[in-house]
Structures are given as C-alpha cells and as structure tokens.
Amino acid sequence: MRALSNLLLLCVAIASAASGRQPNIVYIMSDELAYYELSHMGNPYIKTPRIDAMAKEGIRFTHAFAAAPVCAPLRCNLMTGKHAGHTSVRANDGGTPLRADEVTIASLLKNKGYATGGFGKWGAGGRDSTGVPEKHGFDIFFGYYDQVHAHSFYPPYLIRNSQEVKLAGNTGGRTGKTYSHYAIMEEGLKFIRENRDAPFFCYLPITPPHGMFDIPSDDPAWEHYRNESWIKDDKIPQDVKNYAAMVTMVDNNLGQVVDLLAELKLSNDTIVFFTGDNGGQDRFRSPEHPRGFFSPNKNPTSGVEFRGGKGSLYEGGLRIPFLVQWPGKIEPGQVSDLMFAQYDILATLAELTGAKVPNDTDGISILPTLLHSGNRPVKQELHSHFYWEFGNMQAVRIGQWKGLYIRNKQAWELYDLEGDISETSNVAANHPEIIATMTKILTESHEPARPGTYTTRERHERDRWAKWGTSRPQESSSARKMNRIKEKGLIPFEDMKVLSASSENQSNNRKAAFAIDGRPDTLWHTSWSDGLKAHPHELVIDLGSPCKITGFRYLARQDGGWNGAFADTEFYVSNSPTVFTDCAAKARFTKTKKAQSVRCEKPAHGRYVKVRVLSEVNGKAWGSAAELGVAGRRIK
C-alpha cells in the first residue's frame, strides 16, 4: 500500500513539476444540502445544472458519510481528521472550540506553502477562544464563527479574522440591504484571484440552504423556476420556494468558482470538491410529503428511504452528496461506491501535497480512488470499521453491518444494510458475535472530550445575539386571536425596558425583551438549546421612573405548548437595579392561556422590578413568558 502511495505521489509530483506548482484545492461544503436534493439524483423540483455537470465531469460517491450528524462536530472532524470519539468538539452549540494544539487541514497546507482562506461558517470555536480559524492555519477566514450567527443572511456584521465587518443596512433577522452570502462568495472569489500565482486552499463552508430561508427576489437562481407551476402555487409556502432557489444559488456558486478557475487558466491545476455537511432534514413535512416537501432522504425513483435525518446516526443523518473533479487527473463520469467519511479528507489532502499526517488522526487517504484510471482494480486502503457518536447514540459500521447503541436504553440495534438500507429490521439478537465485536470497538473508540477554552465569551455571545440583532419578527396573523394583557392602570409596555435576564434562548429568538413588548406572539424563553439553565430564572425591568405598584400580570405562551409556563413566582420592587430585598408579591400561576393577576399585599414603591421564577407548571427546568405587566402609576 505504501508503494502505491509513493507512486501516486510521484505521479502528482511530476504533474505539479510540469506546471511549476502544487495543486490548488477548493473545498465547497453546502450546509445541510442533502443526498437526494440534486437534480442528477432525480429530485423533481430542485434545479442544479452545474452540480449535475460536475457529476459528469468528475467522480460522484454514493457512500460518503458525514463524520457527525450535525454542524459543529463534523467541522471539527473534517478539519482535524479525527472521528467523533477523538475530537474536541462534540456538542452542537456552535461555540465549543478546538484546542490550541490541534493540527488542521489548513495548518498542514500552510506549512507546505499554501495560501489558506476560509469563507462561510466556521463552527469550531467562537471569538476569543482557542478554536478561531486564524489560529488554526487560515490566513483569512471571513463569515460566521458561530453557527447561531449564521442562521441570518442579514446580520449586522460578519467576522474577518475575529474582527467585525459591518454589513450596510442590516439589523439582523430576515430582512436588510446586504445579503451576507453574496459578501462571503465575493471574498472567496477574490481570494482565488489574488492567489492565482501560488498554490491555494480555498475552503467554502457556505451556509445556504441552511438557516432562515431567505434569498433576494432578484437572485439569478429564480430564473430556473420561472415556468414551474409549483412555484406559482399560492398554497405552497414561500419558504419552500426559497429553499429550492437557495440550492440553485449554491449551484450557481459552484459555477462561479469553476468558471473563474477556467478564466485564470487554473482548471487543470485545481482539484475541486463539492459536498454537503450532514444528512438531510425532512423540512416542510405535510400529509402529502411525510418525508418533507423535497424528500431529501427518499430515492425519488425507487421510493426507498434513508431512516432518520440530521441529528440521527441512522443513514439519513450521515449520507451526504460528494463530488470531485480535476480535469486531466480524475477520469470523468465515474460513480464510486467507496465508503469513506469526512475525517478521511485530511489524510487525502496530506497525501496529495506531501504533508505529514499527524499520528493522532483516524483517516485514510482516498487519493488512490480519486486518481485511479484504466480498468485495473483500484488499490485503495479500506477502513476496517467506521465509528460515530452523538447525543444518546453511538454507531459502528463494519462492511454491510450497521450497529447503533442507544445509551439510555443500554440496547443495541443491528441492521444489514445490504438488504435493509432503510434500517427497518433490527437483527441484533441473531448476531451476538457481531455485537460483541462492535461493543469492543465502542470501548476502544471513545475517549472523553477535551475541548478548547475561552479567555472571555463576551464577543462570542455578541455574535450569537447578532442573528436577530435589533430586529423583531413581524406580528403573525394569528396574534389577533391571542389573549393579551390589556387593561387600564398598567405601566405602558413602551415605557419599560429589560435591564438583565438570567438567560434567554438566542438561537431561536426567544429574547428577554419580548416579555414586555406588548405582543403575545413573541415570548421570552430561558436558555435550553443554547445550554440548559435551571431555576430560579430572573428578569429585571426598568419602569423608567419611580412608581407606586399595586400588582403584576402574567401571560403564558400563546402557542400550543406549556414549556416554561410560570408556577411559583416572586416579584420584587426596588429603587436600585441590583439590590432587591423586599418581596412585593408571590403567586402560583396555573395552566391557562388567559392573563393571570397577583396583587401586592401593600403598595410597593420603586423604579425597578425583579421577577423571580421558582418553578414551572410541568415541573421542568425552563421558564417562558409571552407578556409581563405591571399595575401601578408614576410617582410625581
């Protein structure tokens, strides 16, 4: 095998010497673009002509696996060449950082003389952490460091090497003047132009089609759908249509890169990868489309499905599109069933460029398969097994066998994927010898995570906040039918301001400020997906001036749930925003969607109110409020 690798390296070296340079590398990774969401895979809705052309001009893989089923961990797996049992980033919180000592693809290539640039979503360490990309081999990284920040295409700013770059006319949320993805792609194409004379590594972990499903109405992608009847159907939500256009926008982005390489006469000197990051998500489900409108995990020809999706270690969470082209080096029109995972890419690029692979990696180079030509069998080293872990699951694959260990049940599932790709028939009881082997692999493959660190999280939290910035969701049509806190004798909502909150869930826009915005369709929710915070939950409100307060009002969330609805609650009043000693009122709120009241035992006087939530109606850890009201009047 080593002799083959040396021969491959010699061939690449001869080719490189002929052109006088090392090969350029472009790696485009589209966030959550799924296996069956490409038109060459038979998707009946989505148009991807440039990706389809790449499939004809290069090699397409049918068994490429995400190294993790969610964004942050897999980016760490990809960059470091380690599987999920060895990586530093295993949580999908967008902020857990790489350690300072970890080698990445970019640092390996930088040491080989490459210009290194990243453009898109990093996800392996927020600002002021050991995981920032500029400390891991990137000359420049422009885009989002935190994945919550990356949910918005109209954030107030992006990040370049840990510094903020303002985007004109943006306040966060779903509208603005500067579409962030355009700015990111412009910087990526600029990087290629500026480094045309030296070998470069251009990493494009672009956000679309993930995040809020927003795309400018004049984007060229819409032209592909001008005559599509389903696009004109008012019954189909606009987000569904936007999603299709966003995938086609990504397709155009691939075309921009390939066309620029041709313009610069770099096509033959550049290997281009195009892939998704993790398995597809069954978005836009309905009775008519139970696996999502675009059926990302369902073969449109045969109807055979991958089980699960993003966040799961079933095939639907792991199978990704993966295409590679390199004119003159990779034979066109190939389809390969080689099984490999994202943690194999570091070893592949190391072999391609002559870099030394670190000893603590888990990957195997797939370069023999990429550069294979002729009819002779490819001499490709294969994995004896694959290993994954995420959340409550661990998984092992050995050839046709896929085992999943469900931690909280301490139970195995085993599937023969050769005849059961949908993972419907658990045969674990029939194959104890395979389960024994996989149990041993589980033990040997997992080690405790050792994430990096932060000097401060202030700028990281600011970036997460920037997803919504100062924007607010538009009032929903259903808000008119919701209950409200609306009566005489209340301090006006517009006169109040939230000074502090013990926590808020920023990633889904559940800000503390929404507890006093006068809108029942918005709500404050304490942190849960951003990291669970337990009781007590506190909110400090500034009334604007000293008031005589006689009571308080509480309106529970007005959607179909009760998560976070207050039970035992205390209200304090003070003339200091930080010192609250006297409890003005106590209440035990109940399960009702109507506004609830509590009176002060005696009038309280002060400018500031602290709401202290001690328990939740269902006994859970979180807290939520659609509205909070204060009954009283100004002290003149």
Side-chain angles (χ1 to χ4, degrees), residues 28-55 119-121 143 150-155 158 167-170 172-189 204-260 274 276 280-286 288-289 292-296 300 321 323 471 473-474:
I28 305 172
M29 184 166 69
S30 177
D31 200 344
E32 290 192 18
L33 180 63
Y35 189 78
Y36 287 116
E37 287 182 331
L38 305 171
S39 49
H40 70 263
M41 296 300 292
N43 193 284
Y45 298 105
I46 297 175
K47 313 293 184 183
T48 55
R50 297 305 297 261
I51 301 172
D52 302 344
M54 186 176 184
F119 309 90
K121 182 172 82 173
H151 289 171
S152 172
F153 290 99
Y154 294 99
L158 291 172
L167 300 183
N170 289 4
R174 302 196 63 172
T175 58
K177 292 183 178 179
T178 304
Y179 191 62
S180 62
H181 180 63
Y182 290 169
I184 288 168
M185 281 304 304
E186 286 171 6
E187 287 291 318
L189 296 171
L204 288 158
I206 54 179
T207 302
H210 187 36
M212 303 182 199
F213 306 120
D214 296 316
I215 180 173
S217 60
D218 59 352
D219 189 277
W222 288 110
E223 186 62 25
H224 291 268
Y225 299 93
R226 183 175 57 176
N227 298 320
E228 296 291 316
S229 59
W230 70 274
I231 288 286
K232 301 173 184 178
D233 188 345
D234 292 337
K235 296 179 182 178
I236 296 176
Q238 187 61 43
D239 277 358
V240 175
K241 302 168 185 176
N242 287 1
Y243 186 90
M246 292 172 81
V247 175
T248 303
M249 176 178 66
V250 169
D251 183 83
N252 289 341
N253 294 152
L254 170 65
Q256 287 178 290
V257 171
V258 171
D259 292 347
L260 177 59
F274 181 85
Q281 191 169 359
D282 295 347
R283 295 187 182 88
F284 318 121
R285 284 181 291 183
S286 67
E288 184 181 358
H289 301 282
F293 187 89
F294 299 110
S295 298
L323 303 93
S471 68
Q474 294 182 349

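Fair warning: this is a prediction, and the values are worked out from it, not measured in the lab.
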* Asp219 side chain to Tyr182 side chain, donor-acceptor N/O pair below 3.5 angstrom -> yes

* Met246 side chain near Phe213 side chain, heavy-atom distance below 4.5 Å -> yes

* For the residue pair Asp259 and Gln256, confirm or rule out a side-chain donor-acceptor distance under 3.5 Å. => no

* To do: Quick one: closest heavy-atom pair of Met249 and Pro208, and the distance?
  => CE-CG, 3.7 Å

* Please work out whether the ring planes of Tyr45 and Phe293 are parallel, tilted or perpendicular, with thresholds of 30° and 60°. => tilted

* Is a side-chain donor or acceptor of Tyr225 paired with a backbone partner of Ala244 at a separation under 3.5 angstrom? -> yes

* To do: Give a yes or no on whether the backbone of Ser295 and the side-chain of Asp282 come within a donor-acceptor separation of less than 3.5 Å.
  => no

* Structure fact -> Distance col, row Ser39:OG vs Ile46:CD1, nearest 0.5 angstrom, shows 8.5 Å

* To do: Measure the spacing between CG of Asp52 and CE of Met41 and express it to the nearest 0.5 Å.
  => 10.5 Å

* How many angstroms lie between NE2 in His151 and CG in Asp31, if you round to the nearest 0.5 Å? -> 8.0 Å

* Show your working on side chain to side chain contact (heavy atoms under 4.5 Å, CB included) between Leu254 and Ile28 and close with a plain yes or no. => CA-CA 8 Å; Leu254 170 65; Ile28 305 172; 3.8 Å; yes

* Quick one: closest heavy-atom pair of Ile236 and Trp230, and the distance? => CD1-O, 3.4 Å

* Asked: Can you tell me how far CH2 of Trp222 sits from NZ of Lys241, rounded to the nearest 0.5 angstrom?
  -> 8.0 Å

* To do: Could you tell me whether the side chain of Thr248 and the main chain of Lys47 form a donor-acceptor pair under 3.5 Å?
  => yes

* Structure fact -> On a heavy-atom basis, the closest approach of Leu33 and Pro321 is O-CD, 3.5 Å

* Any side-chain heavy-atom pair from Ile215 and Phe153 closer than 4.5 angstrom? -> no

* Between Ala150 and Lys121, what is the shortest heavy-atom contact and its length? -> CB-CD, 3.5 Å

* To do: Report yes if some heavy atom in the side chain of Leu158 is under 4.5 Å from a heavy atom in the side chain of Glu187; otherwise report no.
  => no

* Atom CG in Leu204, atom CZ in Phe119: separation rounded to 0.5 Å? -> 7.0 Å

* **Short side-chain to backbone donor-acceptor contact, Ser152 and Gly173, under 3.5 Å** => yes

* Atom of Met185, atom of Ile206 and distance for their closest heavy-atom approach -> SD-CG2, 4.1 Å

* Find out whether Phe274 and Arg50 are in side-chain contact, i.e. whether some heavy atom of one side chain is under 4.5 Å from a heavy atom of the other. => no

* Using modelled atom types only, decide if a donor and an acceptor are shared between the side chain of Asn242 and the backbone of Asp214 within a distance under 3.5 Å. => no

* **Donor-acceptor contact below 3.5 Å, side chain Arg174 vs main chain Tyr154** => no

* **Inter-residue atom distance Met29.CE - Thr207.OG1, 0.5 Å rounding** => 10.0 Å

* Does the side chain of His40 reach to within under 4.5 Å of the side chain of Leu323, using non-hydrogen atoms? -> yes

* Side chains of Asp251 and His224: donor-acceptor distance under 3.5 Å anywhere? -> no

* Could you tell me which non-hydrogen atom of Val247 sits nearest to which non-hydrogen atom of Glu37, and how far apart they are? => CG1-O, 4.0 Å

